[in-house]
Amino acid sequence: MDFELRRAREKLEKEQKERKEKAKAKLDRERKAKAEAKKQREAIEAAQRSRRLDAAEAQLKVDQQMEENVLAGRGIIFYRVLEGVPYQSVGDKIKLPPSCFTELSDQGAFDKGPIYFQLSVVHQEGSAEMNASDEENCRTTHSGVLEFTADEGTVALPPHVWHNLFPGESPKTLLIEVRYVWLPKGTYAKLQPERMGFLDLPNHKAILETSLRQHATLSQGDILTVNYGELAYKLQVLELKPSSSVSVLETDVEVDIVGPESASERTDEHVLNPLVLGKLESGKVDEGNYIYYKFSIDNDAWEKIDTGDAMVEVKIDGEADGGDTDLYISRHPLIFPTRHQHEWSSHDIGSKALILTSKDKNLGAGTYSIGVYGFKGTSKYQISVSVQDDSKRKVGQRAASSSSPMEMDAVECRNCKHYIPSRSIALHEAYCSRHNVVCPHAGCGVVLRVEEAKNHVHCDKCGQASHRGEMEKHMKVFHEPLHCSCGIVLEKEEMVQHQASVCPLRLIACRFCGDMVQAGSSPMDVRDRLRGLSEHESLCGSRTAPCDSCGRAVMLKEMDIHLIAVHQKS
């Protein structure tokens, strides 16, 4: 009996224990389910709060952007994302689609003065073409507008804007954010050339002013390209006032130009190395390259030269190492003389010297450039410029020429045609006929030693006399066809004349802006052609300026006529 009771009790206890364990497990499951539900509910609430915060932040950002747009555009709101396409032009004026004109016109933007835009690159998420380095290279700039003729969905960018937006290689997909902004008028700009040579340009601030006439805006960090003939100088905009982006239309901007950061860039060939009169300088030039120097003739030195008491000697001594050079000289504003453009030249083999006297019409007080051209191989040389006293040589010449052939008993030698005293004519002719030969070439008549005659030759094309060893260089320098940038092909002498007076790409000093510019073709206006104006001068002279006497706005090219006709000033 006890045994059965014990078994019944154990069974009851076991069942109770199982029921307790099941109840506990059920409670644990319910507790876990509640905790998981609470966790999910909290996650959902957190996600909802995050979405509400993001939406509020996005709305705030939109409101701030809208407020900034209103402030930046002075009440005009214009924003477009367009595909950037390049087009060839000067300056910073872009082309927009016609729909942009309608949108701006409806808001009265054209009644508020010049139109300016902020341009920046849209970085596309997930694009493999735009990596981190590309993002660093892309930046923001500003521009004016040229016309509204671009294709819908595109914005046409001139080279200045294109290179400032994409300093490195451009990505394939070019989405540009175009935003209307208002810009203050600039009052100050600090610029820095990227390389040496720009500050050597004569009247470089006038050249910069001419370049800025093609621009509507400047932005800090921009690279401004200034062209001088075939040369291009890049200047970085370091500082602007009163803002980091300014308008340069119809305003006077004070400009400071600082030197390049590194002086090591003097290896560039378009740099004028200064020469001190009377001091020897050494140099080396490779074949096909130029090394340039500059020197000045002051008023005191010019007075001596002008009276004939002095002369300018430009001398270059080359080392006998197989190389050879040519020498070209020009007077400013032509600062880089070349084979095509120069005023004086020397093509002698080896050492050479150019003597400039007051008889040269182009000589005067001022600054001159020397171009040492590597004609053959690598040439080491020494160059010097000096003002030589010419009075002693003139006295000697006068003493030697004080007696003429007619004033003494003299007879003409039948061989050399010189007048010889009659008492020694027989002895002279006997000696002269054995040792001297007269060049038979028409118009030459040079008396040569017999051993020298075999090396005395004349060019078949131009008849110029030369040493036989120099004839190859003469043919290459004077008769090898030269190609002008305008497309014409001429020999050296004709090419120099062509580029001095005919070539539309020749550099001239504009009589109105003072800049060295390409002359261009003949102007359209017949009156301007009669005045002798170039195409550039015809356009540049069309700008107006107030008359000093009456204050009336008169075109620059009409100012002299205005002064004579209205104010009787000659």
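Small disclaimer: the values here were computed from a predicted structure and weren't measured.
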Review point. Can you find a side-chain donor-acceptor pair between Asp92 and Ser143 that sits under 3.5 Å?
Key: no
Check your understanding: Looking at His428 versus His418, is the centre-to-centre ring distance below 6.0 Å?
Key -> no
Review point. Counting distance only, does the side-chain N/O of Ser219 pair as donor-acceptor with the main-chain N or O of Asp222 below 3.5 Å?
Key: no
Study note, to complete from the structure: So ring pair (Phe, Tyr, Trp, His ring centres under 6.0 Å) across residues 350-374, not counting sequence neighbours, yields Tyr290-Tyr373, Phe295-Tyr368
Study note, to complete from the structure: All heavy atoms of Leu238 vs all of Gln192, minimum pair found to be CD1-CB, 3.7 Å
Review point. Is it true that a side-chain atom of Arg331 and a backbone atom of Asn362 form a donor plus acceptor pair closer than 3.5 Å?
Key: yes
Point to revise | Residue Arg213 excluded, over 12 heavy atoms near CZ under 6.0 Å | key: yes
**Study point:** Distance-only polar pair, side chains of Asn436 and Tyr431, donor-acceptor under 3.5 Å
**Key:** no
Check your understanding: For Lys557, which residues count as a salt bridge (charged side-chain N to carboxylate O under 4.0 Å, His left out) partner, sequence neighbours excluded?
Key -> Asp528
Check your understanding: Counting distance only, does the side-chain N/O of Asp324 pair as donor-acceptor with the main-chain N or O of Ser379 below 3.5 Å?
Key -> no
Point to revise | Near-ring test Tyr328/His347, centroid separation under 6.0 angstrom | key: yes
Check your understanding: Under 3.5 Å, is there a donor-acceptor pair between the Thr325 and Lys352 side chains?
Key -> yes
Check your understanding: Applying the side chain to side chain contact (heavy atoms under 4.5 Å, CB included) test to Ile316, which of Asp326, Val385, Leu327, Asp348 qualifies?
Key -> Leu327
Check your understanding: Who are the side-chain contact (heavy atoms from CB on, under 4.5 Å) partners of His456, not counting sequence neighbours?
Key -> Cys439, Cys444, Leu448, His458, Ala465
Practice item. Answer yes or no: does atom NZ of Lys294 have more than 12 heavy-atom neighbours from other residues, nucleotides or ligands under 6.0 Å? Key: yes
